[in-house]
Amino acid sequence: MNYWLVKSEPFVFSFADLEREGRTMWEGVRNYTARNNLRAMRNGDLVLFYHSNEGLEIVGIATVIKESYPDPTAEKGDWSVVDLAPVKRLQNTVPLSVIKATPALQEIGLVRQGRLSVMPLQPEEFQAILQMADTSI
DNA sequence: GCCAACGTTGGC
DNA sequence: GCCAACGTTGGC
């Protein structure tokens with residue numbers, strides 16, 4: 001089991017959209033590091049869902065339901081997508097400001113590499129965030 | 001709206 | 001292969 005975090009601008013695609021649609025193809029990643037992270041995802045991995053630009057907080061948990069395949073929206077280049085489904089909304093959302101103020105979370109990509117849109121999480125980071133969210137799987 | 005961080009592109 | 005110029009992301 002691996003743990004991940006993905007970012008989405010909620011006015012483009014929000015966690016509520018994911019819940020409404022039941023599943024989604026995580027398309028449009030055009031960064032090699034992020035793409036390689038998508039390719040390392042396995043069915044059943046858990047994915048925290050972060051709202052960037054607006055909200056600036058982790059709002060929910062998703063899971064990988066289809067491992068990487070070629071991005072049909074890519075006109076050129078070697079890009080990948082995975083399919084995600086919602087697991088549950090967090091009881092309490094976890095804001096970036098709180099994450100930044102939490103010593104145990106100083107190493108996560110959200111803090112260290114602000115622009116990366118798909119990043120791995122250490123199991124203990126994932127668990128710490130769930131605890132802060134008062135949420136269990 | 002600004003700007004820092006960082007990735008990509010292209011000239012040499 | 002280096003590096004300057006440029007584009008994009010995303011927090012503030």
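Quick note on labels: first sequence line is chain A, next is B, and so on, each numbered from 1.
Summarising the geometry, the separation between CD1 on A:I58 and C1' on C:dG11 is reported as 15 Å, rounded to the nearest angstrom. Note: OH (A:Y32) to P (C:dT9) measures 15 Å, nearest angstrom. When the P atom of B:dA4 is taken as reference, atom CD of A:Q113 falls 18 Å away, rounded to whole Å. Counting to the nearest Å, the P atom of B:dC6 and the CG atom of A:L110 are 14 Å from each other. Distance CG (A:D78) to C1' (B:dT8): 16 Å, rounded to an integer number of Å. Distance A:M119 CE to B:dA5 P: 17 Å, rounded to the nearest Å. Look at CZ on A:R115: it is 6 Å from C1' on B:dA5, rounded to the nearest Å. In this entry the distance linking CD of A:E54 with C1' of C:dT9 reads 15 Å, nearest Å.
Side-chain contact check for A:S14 and A:D17: at least one donor-acceptor pair (N or O, by modelled atom type) lies under 3.5 Å.
Contact annotation: A:K7 side-chain N/O to C:dT9 OP1/OP2 distance is not under 4.0 Å. Not one side-chain nitrogen or oxygen of A:Y50 sits closer than 4.0 Å to the OP1 or OP2 atom of C:dT9.
Comment: A:R30 engages A:D71 in a salt bridge, judged by a side-chain N to carboxylate O separation of less than 4.0 angstrom. Ion pairing between a basic and an acidic side chain is recognised when a charged N comes within 4.0 Å of a carboxylate O; A:R42 and A:D45 show no such pairing.
The nucleotide whose nearest atom lies closest to any side-chain atom of A:L56 is, among C:dG11, B:dT8, C:dT8, C:dG11.
Evaluation of the salt bridge (charged side-chain N to carboxylate O under 4.0 Å, His left out) rule for A:E27 yields no partner, not counting sequence neighbours.
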